[in-house]
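Below: one structure, written as structure tokens.
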Amino acid sequence: MPTTPEMSMDMTTLGDTGLLDTLQHEVAVFARRAEQTRLGGVGQVRNSMDRAAYLLLNRLDKEGPMGVKALAASMGIDSSTVTRQVAPLVDTGLVKRTSHPEDGRAVVLQLSPRGLARLDEVRSSRRQLMAELTQGWTPEERETFCALLTRFNTGLSARMSTQGGAGPDETPSAS
């Protein structure tokens, strides 16, 4: 018999209340610790780039130059938020504003060589942190954790987009 999401939730909460309590608690602890450390990596790079800057630079690197509206849409956030978050990145030379190749009147945001170098440095530091945190894990455990965390984030993103909240700013293509 097919089940609706509401039916699945009812059946799950009836049988797994303790497990769901543990899950929500661990997610809350993870969120607090992630924000406290910003999962910034190790060494001198640690905590040196905030989440918003990292996600914006990463998106520009993965998807290439784009306008503010396109960047906002791809991240599931408001254009005014992107404008506010990009300003310091432009001021520090990590992002540059250039003319759109097909419409010279339009402006696109592009990762600068300095921005790419900085992003690579932060990625390397964060990669090292992930290696340290999962040092005792098998490759299969790492893959399973990544798959489940991706699935969890995708579910959060879908839920938020149906409720008019933020969108996919932290989906796998943005990490």
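Leu71 approaches Leu109 most closely through the heavy-atom pair CD2-CD1, 3.9 Å. Contact between Gly136 and Glu141 at its shortest, heavy atoms only, is O-OE1, 4.2 Å. Nearest heavy-atom pair across Arg59 and Ser74 is NH1-O, 2.5 Å.
In terms of hydrophobic clustering, with Ile, Leu, Val, Met, Phe, Trp and Tyr side chains grouped at heavy-atom distances under 4.5 Å, Leu156 and Leu23 are assigned to a common cluster. The hydrophobic clustering, which links ILVMFWY residues whose side-chain heavy atoms are closer than 4.5 Å, places Val108 and Val90 apart. Linking ILVMFWY side-chain heavy atoms closer than 4.5 Å, directly or via other members, places Tyr54 and Leu111 in a single hydrophobic cluster.
Note that NZ of Lys62 and CG of Leu57 are 12.5 Å apart. Values are rounded to the nearest 0.5 Å. Atom CG of Leu129 is separated from atom CG of Leu133 by 4.5 Å, given to the nearest 0.5 angstrom. Here the straight-line distance linking atom CG of Leu94 with atom CG of Leu116 works out to 10.5 Å at 0.5 Å rounding. Put simply, OG on Ser125 and CG on Asp120 are 12.5 Å apart, with the number rounded to the nearest 0.5 Å. Atom CG of Leu148 sits about 11.0 Å away from atom CG of Asn153, to the nearest 0.5 Å.
With Ser112 contributing its side chain and Lys96 its backbone, the two residues share no donor-acceptor pair below 3.5 Å.
Other residues, nucleotides and ligands contribute over 12 non-hydrogen atoms within 6.0 Å of the CZ atom of Arg142. More than 12 heavy atoms of other shown residues, nucleotides or ligands fall within 6.0 angstrom of atom CD in Gln24.
Looking at Leu60 and Leu56, their side chains never come closer than 4.5 Å, going by heavy atoms from C-beta outward. Considering only heavy atoms from C-beta on, Glu132 comes within 4.5 Å of Gln128 through its side chain.
Annotation: ring pair (Phe, Tyr, Trp, His ring centres under 6.0 Å) contacts involving residues 124-146, sequence neighbours excluded, comprise Trp137-Phe145.
Residues that satisfy the salt bridge (Lys or Arg N to Asp or Glu O under 4.0 Å) test with Asp61, not counting sequence neighbours, are Arg123.
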For residues 81-89, dump all side-chain donor-acceptor pairs below 3.5 Å to protein atoms at least two apart in sequence or in another chain.
unit_1	atom_1	unit_2	atom_2	d
Thr83	OG1	Ser79	O	3.0

